[in-house]
K.L.:
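This is the structure I want to talk about, given as structure tokens.
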Amino acid sequence: AQRVTQPEKLLSVFKGAPVELKCNYSYSGSPELFWYVQYSRQRLQLLLRHISRESIKGFTADLNKGETSFHLKKPFAQEEDSAMYYCALFRRGSTLGRLYFGRGTQLTVWP
Amino acid sequence: NAGVTQTPKFQVLKTGQSMTLQCAQDMNHNSMYWYRQDPGMGLRLIYYSASEGTTDKGEVPNGYNVSRLNKREFSLRLESAAPSQTSVYFCASSEAGDKVSYEQYFGPGTRLTVT
């Protein structure tokens, strides 16, 4: 069975500090992983996906198959990064693949 | 383009009442989804529709029904609301993909309270 674990419900850092949001997964197939973000009073939106290997808003995430992790990192946090972050895993299906979401981490960046 | 729209934004129901949450997308997407978001539980899939005319159960379908009215619209119905269904409901859409994941676009959510 597939599972996505985000061990931290809440994470607080000061502006300018590095931040790392943890995500671990279990999946027997070849994983496809994503980070979605929800800013206050806004809808969820895709932040980044591992296959594109791009950096969005200064965030990066590397898929580590050995540790089954996909941690989200940013070297210098900004106040506008405060949001709820969800890690998600895509599972292929016969008719439609599905996303499985972790429980989310609420990031607060203090001034 | 409006993207994914949901109505209503807020709703308060009494236990046992019924209601339908509406969702529409104007991106010509084949796939649509209904999630619920609860504190500490993340997003859980209720139902999804791979294409017009098909629907499938997700992780938490009990107490809900869905209708894929056409390619644009996907509604979620609570036949007899219960306090456990108090939640924020999100509709999403994406290109259809069984082997490749396409980005899901989310609506603004419906905050439902059942008393």
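Throughout, a chain's letter reflects where its sequence line sits, starting with A, and its residues are numbered from 1.
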K.L.:
Hydrophobic cluster membership, with links at side-chain heavy-atom distances under 4.5 Å among I/L/V/M/F/W/Y: are A:Leu33 and A:Tyr85 in one?
P.N.:
yes
K.L.:
For B:Gln37, which atoms come within 4.5 Å of any heavy atom of chain A: side chain, backbone, both, or neither?
P.N.:
side chain
K.L.:
Hydrophobic cluster membership, with links at side-chain heavy-atom distances under 4.5 Å among I/L/V/M/F/W/Y: are B:Tyr33 and B:Ile46 in one?
P.N.:
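No, because B:Tyr33 and B:Ile46 fall into different hydrophobic clusters, even though each may have its own neighbours under 4.5 Å.
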K.L.:
Please report the closest heavy-atom contact between B:Leu43 and A:Tyr86, naming both atoms and the distance.
P.N.:
CD1-CZ, 3.5 Å
K.L.:
So does B:Gln104 get a backbone contact from the side chain of A:Tyr36, meaning a donor-acceptor N/O pair under 3.5 Å?
P.N.:
yes
K.L.:
Given heavy-atom pairs under 4.5 angstrom as the criterion, report whether the side chain, backbone, both or neither of A:Gln38 touches chain B.
P.N.:
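Side chain only.
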K.L.:
Work out which heavy atom in A:Arg98 is nearest to a heavy atom in B:Tyr48; give both atom names and the distance.
P.N.:
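Scanning both residues completely, I find the closest heavy atoms to be CD-CE2, 3.8 Å.
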K.L.:
Is the CZ atom of A:Arg43 crowded by more than 12 outside heavy atoms at less than 6.0 Å?
P.N.:
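Yes - once you tally the heavy atoms of other residues, nucleotides and ligands closer than 6.0 Å, there are more than 12.
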K.L.:
Between B:Val4, B:Asn30, B:Asp38, which shows the greatest number of heavy-atom pairs under 4.5 Å with chain A?
P.N.:
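If we count pairs closer than 4.5 Å to chain A, B:Val4 comes out on top.
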K.L.:
Hey, could you give me the CG/OH distance between B:Leu45 and A:Tyr100, rounded to the nearest 0.5 Å?
P.N.:
8.0 Å
K.L.:
Determine whether A:Phe70 and A:Leu107 fall in the same hydrophobic cluster, where Ile, Leu, Val, Met, Phe, Trp and Tyr are linked whenever their side-chain heavy atoms lie under 4.5 Å apart.
P.N.:
yes
K.L.:
Is the OH atom of A:Tyr39 crowded by more than 12 outside heavy atoms at less than 6.0 Å?
P.N.:
yes
K.L.:
Is there a path of hydrophobic side-chain contacts, each under 4.5 Å between heavy atoms, that joins A:Leu89 and A:Leu47?
P.N.:
yes
K.L.:
Can you tell me which of B:Gly40, B:Gly3, B:Pro39 forms the most heavy-atom pairs within a distance under 4.5 Å of chain A?
P.N.:
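Result: the option with the highest number of such pairs is B:Gly40.
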K.L.:
Between side-chain atoms of residues 12-21 of chain A and protein atoms elsewhere (two or more places apart, or another chain), which donor-acceptor pairs fall under 3.5 Å?
P.N.:
unit_1, atom_1, unit_2, atom_2, d
A:Glu20, OE1, A:Lys22, NZ, 3.0

K.L.:
CG of A:Leu44 to OH of B:Tyr35: how many Å apart, nearest 0.5 Å?
P.N.:
9.5 Å
K.L.:
What parts of residues 58-74 of chain B touch chain A if we use heavy atoms and a cut-off under 4.5 Å?
P.N.:
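Under the 4.5 Å heavy-atom cut-off, B:Gly58, B:Glu59 qualify.
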K.L.:
Honestly curious: do A:Leu99 and B:Leu76 fall in one hydrophobic cluster under the side-chain, below-4.5 Å linking rule?
P.N.:
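Different clusters.
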K.L.:
Between B:Phe90 and chain A, which part of the residue has a heavy atom less than 4.5 Å away: side chain, backbone, both or neither?
P.N.:
side chain
